[in-house]
Amino acid sequence: MLRTLIAEGVDCVFGYPGGQAIPIYDCLYDYRTRLRHVLVRHEQGATHAAQGYARVSGRVGVALVTSGPGATNTITGIADAMLDSTPIVVITGQVPSPLLGTDAFQEVDMIGVALPITKWAYQVRRAEEIAWAVSRAFFIASSGRPGPVLIDIAKDAQVGTVDYTYSPVRFIRSYQPVPETDRAQLAAAADLINGARKPFALVGQGVILSGAEQELKAFLEKAAIPAATTMLGLSSMPSDYRLNTGMLGMHGNIGPNRRTNECDVLIAIGMRFDDRVTGDLNTYARQAKIIHIDIDLSEIGKNVPVDVPLPGDARETLTSLTALLRPATHDAWIASFGADAQEEDARVIQKEIHPASGPLRMGEVVRRVSEATGDDAVLVTDVGQNQMMSVRYFRYSRTRSVVSSGGLGTMGYGLPAAIGAKLGAPERTVCCFVGDGGLQMTLQELGTVMQEHLNLKIILLNNDFLGMVRQWQALFWHGRYSFTEMENPDFVTIARAYRLGARAVSERDELDGAIREMLDYDGGYLLVAHVEKTGMVYPMVPAGKSLNGMIVE
């Protein structure tokens with residue numbers, strides 16, 4: 001198994017040993033110079049770390065755990081990876097095959113549990129299957145629309161003897177990871193775009209997964225198409241790129257949301273029309289002709305009716321489509337987004353990043369950290385207000401710079417995902433923004449930061465509330481703050497107990513110095529920013545409402 005992992009290009013495994021995985025771990029002892037094993041503090045942390053690693057490196061992340069509770073603890077991370085198209089392979093130990101089905105100690109039917117949330121789940125019962133299963137897992141996880149794969153290996157298979165042969169899997173009969181794009185549909189899409197007066201592109205993570213960033217830029221430039229991104233697609237374009245109009249969705253920018261319902265041709269590229277992006281489907285882009293480019297056929301037409309479906313790889317499809325376009329200018333249309341940006345800057349952004357007085361605000365902390373890194377760091381977030389403020393106010397200069405839980409919205413994701421991100425891109429500065437709620441769900445992973453001596457920067461936006469739930473309670477539940485206020489520990493003392501650098505800041509004039517101290521520190525560091533307790537993330541499209549119903553302030 002380990003030789004096959006190495007043959008597939010694996011250099012790092014996130015794991016936690018246990019009884020039904022001891023044979024693997026015993027062998028791993030002899031492979032320490034070829035495979036780096038990162039001992040996490042909880043199996044959920046292993047899967048999130050594998051996700052972070054995959055998201056910044058573009059390679060498959062690997063988690064290794066034991067059976068029973070060790071295996072079931074990975075389920076949240078597997079589900080998260082499925083919804084966010086993250087390629088990870090999770091390897092679980094299992095009881096010996098003669099004991100399967102007997103309710104043996106720490107036996108769980110992991111195939112039955114994992115099938116709905118994986119691209120493939122397979123139980124190995126014979127040693128002869130191991131190399132084949134591992135290679136097949138990597139091919140499935142990384143090809144087409146990426147996603148998680150689980151391999152459950154019975155203990156007797158782990159200790160069996162077999163002549164080792166590595167035969168990489170590069171083809172599976174009946175599995176077509178990249179559908180063919182119809183030439184007639186390409187021509188129809190080009191005709192729509194060439195005739196458009198107000199074209200608008202919606203860019204998702206599929207562009208990043210395909211490596212289509214330059215092809216996207218060539219496409220937008222040739223036809224002068226303004227574009228906006230989903231949260232997971234944010235770093236597909238630099239923040240200051242002239243045709244980048246911002247982020248879509250519930251807490252997106254005014255311009256992209258407003259103009260979605262004004263454009264005449266909408267081109268969706270590697271995104272799935274999630275409800276957090278569309279709002280009320282009955283009022284979503286009803287005036288527009290819709291073109292949808294996606295590698296997953298099941299996503300096309302699933303939520304939003306499509307006029308021209310373009311199944312296929314984003315890079316290949318964009319290249320073919322761009323060749324059919326006529327050069328165009330849409331100066332007035334592009335300028336309308338600029339007017340929206342000026343409105344948002346005056347009504348929302350300046351109040352958040354340059355408040356005149358009062359407590360620290362989340363947005364200003366995020367923007368100051370981004371500026372201090374030259375807008376060149378990897379942003380990792382947890383989930384909640386800290387997440388929305390971070391993705392809104394952090395800025396990006398290169399691709400694969402945003403790691404966040406999108407589809408599942410997993411609190412506790414941030415810290416372990418940041419560990420994986422740092423190991424996946426060790427040369428880059430990694431800034432992990434967390435809230436006081438999410439941090440305490442996986443706080444134990446500070447032990448992994450300590451043991452691995454990771455130079456990871458963790459910024460806690462501490463408002464002593466479950467902030468996003470409190471915001472909904474304030475806006476839609478008459479201010480009845482039912483069990484959302486938190487009494488928190490001394491996070492600085494906890495961080496120092498893990499031998500990390502740490503500091504708390506609550507005054508504005510101390511913020512820049514604290515950020516510089518954090519970035520200059522040689523090692524893991526926790527900066528606790530005590531921010532406004534009742535801050536709100538605006539704009540906001542209430543759940544299920546039209547994009548035109550944004551609450552701006």
Side-chain angles (χ1 to χ4, degrees), residues 231 247 249-254 257 276 343-370 381-394 404-405 409 411-412 414 432-441 443 458-492 503-511 514-515 526-545 549-553:
M231 183 181 74
M247 185 175 72
M250 177 175 281
H251 293 290
N253 296 107
I254 290 175
N257 283 339
R276 286 299 194 259
E343 176 188 346
E344 185 172 347
D345 189 65
R347 298 178 66 183
V348 180
I349 295 174
Q350 289 304 316
K351 296 177 183 178
E352 185 64 36
I353 66 174
H354 295 300
S357 59
L360 286 173
R361 299 176 73 101
M362 290 189 184
E364 69 177 311
V365 177
V366 173
R367 180 59 61 85
R368 299 275 192 93
V369 172
S370 182
T381 84
D382 208 85
V383 167
Q385 283 187 320
N386 68 89
Q387 176 187 37
M388 292 298 104
M389 286 297 195
S390 297
V391 297
R392 278 183 56 83
Y393 294 108
F394 213 79
S404 192
S405 173
M411 289 181 68
C432 175
F433 285 85
V434 296
D436 43 306
L439 176 61
Q440 292 182 87
M441 290 189 173
L443 182 67
I458 307 157
I459 303 95
L460 169 56
L461 302 175
N462 187 5
N463 60 4
D464 297 311
F465 261 106
L466 297 175
M468 188 58 82
V469 182
R470 187 209 57 78
Q471 176 164 334
W472 283 50
Q473 289 172 333
L475 292 174
F476 312 119
W477 296 92
H478 312 293
R480 290 161 58 88
Y481 301 134
S482 178
F483 301 103
T484 46
E485 188 166 9
M486 302 191 76
E487 184 173 340
N488 285 316
D490 182 342
F491 290 105
V492 169
R503 177 176 173 179
V505 60
S506 57
E507 299 299 326
R508 188 160 288 113
D509 60 3
E510 298 176 349
L511 181 58
I515 292 171
L526 176 68
L527 175 60
V528 181
H530 292 284
V531 298
E532 182 181 17
K533 290 174 69 73
T534 57
M536 307 286 269
V537 186
Y538 291 126
M540 179 181 183
V541 179
K545 300 297 183 182
M550 283 180 293
I551 303 170
V552 178
E553 54 188 348

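For F483, the CZ atom is loosely surrounded, since the number of other residues' heavy atoms within 6.0 Å does not exceed 12.
Judged by distance alone, the side chain of R361 and the main-chain N or O of V531 form no donor-acceptor pair under 3.5 Å. A donor-acceptor pair under 3.5 Å is absent between the side-chain atoms of R276 and the main chain of M250, judged by distance alone. In this structure a side-chain-to-backbone donor-acceptor pair under 3.5 Å is present from D382 to G414.
Here the closest non-hydrogen pair linking D436 and N463 is OD1-OD1, 3.2 Å. Nearest heavy-atom pair, M550 versus P539, reported as atom, atom and distance to 0.1 Å: SD-CB, 4.4 Å. Nearest heavy atom pair, residue A474 against residue Y481, reads CB-OH, 3.5 Å. Shown here for Q471 and V537, the closest heavy-atom pair between the two residues is OE1-N, 2.8 Å. Between H530 and S506, the shortest heavy-atom distance links the atoms CB-CB, 3.9 Å.
The side-chain contact (heavy atoms from CB on, under 4.5 Å) test with I458 singles out one residue from L527, V434, V528, and that residue is V434.
A salt bridge does not link E352 with R392: none of the charged nitrogens is closer than 4.0 Å to a carboxylate oxygen. With salt bridges taken as basic N to acidic carboxylate O contacts below 4.0 Å, one links K533 and E485.
Atoms CE and CG, on M362 and N462 in that order, are 8.5 Å from each other to the nearest 0.5 Å.
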